[in-house]
2 protein chains.
Amino acid sequence: MTALSINNWQDVHSEVLHRIHSRQWKPGDQIPNEIELAREFGCARATVNRALQVLADSGLLDRRRKAGTRVAIHPVRKATLSIPIIKQEIEEKGLAYGYALISEARKKPPPDIRARMQISADAKILSVNTVHMADGKPYVFEDRWINVDAVPEVSSADFTKQSPNEWLVENKPFTSGDIAFSATLASQKQAEVLACKVGEALFVIERSTWDAQTAITSVRLTFAPGYRMHTDI
Amino acid sequence: MTALSINNWQDVHSEVLHRIHSRQWKPGDQIPNEIELAREFGCARATVNRALQVLADSGLLDRRRKAGTRVAIHPVRKATLSIPIIKQEIEEKGLAYGYALISEARKKPPPDIRARMQISADAKILSVNTVHMADGKPYVFEDRWINVDAVPEVSSADFTKQSPNEWLVENKPFTSGDIAFSATLASQKQAEVLACKVGEALFVIERSTWDAQTAITSVRLTFAPGYRMHTDI
DNA sequence: GAGTGGTCTAGACCACTGT
DNA sequence: CAGTGGTCTAGACCACTCC
């Protein structure tokens, strides 16, 4: 007979997790309320609360005032992807980072970019195309649109040495954004930049960021063939 | 002169966020310690602590005992993807869900699956191929391998009505897993199942889940052309 | 109305780590 | 060693929501 000793919220967390995994508490079941659990575990209610909040955040519990806490019926798993700066991502793989500016120009935004960034046709927009390399091989093609009105300082940025990806992270914080992942066939231009064949399958990340209501930038990252984005759950 | 009134941790959170976004506190800067902030905001240290922990979790602050709290130099943004049950994902889009079993068989696991699941060549493995449909059109091809030793009950499961995706979520909780996203060209078989052309670009999710040290299942989800996975950051 | 979770407070002790 | 964040406790009040 081993008495379990519970001293901190991590212990409560793993004990509750154990009861869910061992199906002592099954999906849909209501579990005891915080006061009862605190009594059982011999700790303060705040400690139980902390553990249960973490479990609710991760989608394993459903909590509602008055209704109590239940084991989630369909435990929606959440994967947390960290979105690194490309330079960091490459260097963390132990590869040599390289970078080249392809083009930089003021342009009229095409309709899809206008829609994504919710800007007018005559907004001042900077289009920057660059490529990032790992050990000398093309790694990702960065096709970026920057709203100059939102980031006037960008006019004096030098994108021959530092990528817009890096420059923006360091110089223009954002308050919100959205991100989408998809697959596409390599176009002629993408194939040239990424040194692959036309028609290969490429992984694509599209991201837009905002400062309050103002669009800052929208970017399409097209990765060289074989790229995998990976995380633990 | 508007005095800001701070009553809860969310207020502290947004005030600190504001100071970071407005560059009052710049990347790399050390910010006042919890006691000072609590005094300034007129609240308890625990309240400040809660807010700063959330900000640290989201990657905007770096906190270390003794060294204090600093604004992250490269604010690594984290995107949280919820991994839904396919049926739910389709129904939440307002489309009619459909499902079909293509094949189900005991098989010797091929080398790549053996490696992914870390099982021996003579392990009992069930291979299930299915397709999920949205409004009658193929949506995703599910190519799944299940470790029968880890889930003996699976032998009595009926995959003609319910997909293994759904069955496993309801019947076999897992303690850990990993997930990868990539792009691939449609093979002959995939094209047939997904009613698309050979050589189209398809979005792929590969996922393996574990109960402690035992592999439960490994699945490869190949989505019909045009699929986008989307989230806010 | 009443039961539940959400949060705050004040104080305390501990764990880590820079100097 | 000493400063900082990490956590616990006991008690309190509030907000939400089911009945």
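Lettering of chains follows the sequences in order, A, B, ..., and the numbering in each one begins at 1.
Heavy atoms of other residues, nucleotides or ligands lying less than 6.0 angstrom from NZ of B:K172 number more than 12. Enclosure of atom CZ in B:R64 is not indicated, since only 12 or fewer non-hydrogen atoms of other residues, nucleotides or ligands lie within 6.0 angstrom.
Contacts between residues 24-35 of chain A and DNA chain D, defined by a heavy-atom separation under 4.0 Å, are absent.
What separates CH2 of A:W9 from C1' of D:dT7 is a distance of 10 Å, to the nearest Å. In this structure, CG of B:N8 is placed 12 Å from C1' of D:dA15, rounded to the nearest angstrom. The distance from atom CZ of A:R50 to atom C1' of C:dT7 is 14 Å, rounded to the nearest whole Å. The CZ atom of B:R70 sits 11 Å away from the P atom of D:dG5 (whole-angstrom rounding). Rounded to an integer number of Å, the gap from CG of B:L37 to C1' of D:dG3 is 15 Å. Between the CZ atom of B:R64 and the P atom of C:dC16 there is a distance of 14 Å, given to the nearest Å. For the pair B:L61 CG and D:dG6 P, the computed distance is 11 Å after rounding to whole Å. Atom-to-atom, CG of A:D62 to P of D:dC18 comes out at 12 Å; the value is rounded to the nearest Å.
In this structure, the nucleotide among C:dG5, D:dT7, C:dT7 sitting nearest to the side chain of A:T69 is C:dG5. Taking only side-chain atoms of A:N49, from C-beta outward, the nucleotide of D:dG5, D:dT7, C:dG6 with the closest atom is C:dG6. Which of D:dG5, D:dC8, D:dG3 sits closest to the side chain of B:K66 comes down to D:dG3.
In this structure, B:R144 is not positioned above the aromatic face of B:F159 in the sense of NZ or CZ being under 6.0 Å from the six-membered ring centre and within 45° of the axis.
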*Dump the intermediate steps for side-chain hydrogen bond (donor to acceptor under 3.5 Å, both in side chains) on A:N49 and A:Q53, then the final yes or no.*
CA-CA 6 Å; A:N49 180 275; A:Q53 279 198 8; 3.2 Å; yes
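At least one side-chain heavy atom of B:L101 sits under 4.5 Å from a side-chain heavy atom of B:V128.
Between B:F203 and A:F203, the angle of the ring planes stays under 30°, which puts this pair in the parallel group of the 30/60° scheme.
Of the side-chain N and O atoms in A:Q53, none sit less than 4.0 angstrom from OP1 or OP2 of C:dG5. A:Q10 has no side-chain polar atom (N or O) that falls below the 4.0 Å cut-off from OP1 or OP2 of D:dG6.
Of the charged side-chain nitrogens involved, at least one lies within less than 4.0 Å of a carboxylate oxygen, so that A:R19 and A:E40 count as a salt-bridged pair.
Using a 4.0 Å heavy-atom cutoff across all strands shown, B:E36 reaches no nucleic acid atom at all.
In this structure, a donor-acceptor pair under 3.5 Å is absent between the side chains of A:E166 and A:Y99.
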*Can you give one letter per nucleotide of nucleotides 9-14 of chain D, going 5' to 3': B for a protein heavy atom under 4.0 Å from the base, S for sugar-phosphate only, - for none?*
B--B--
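The nearest pair of heavy atoms linking B:Y227 to A:S182 is O-CB, 3.6 Å.
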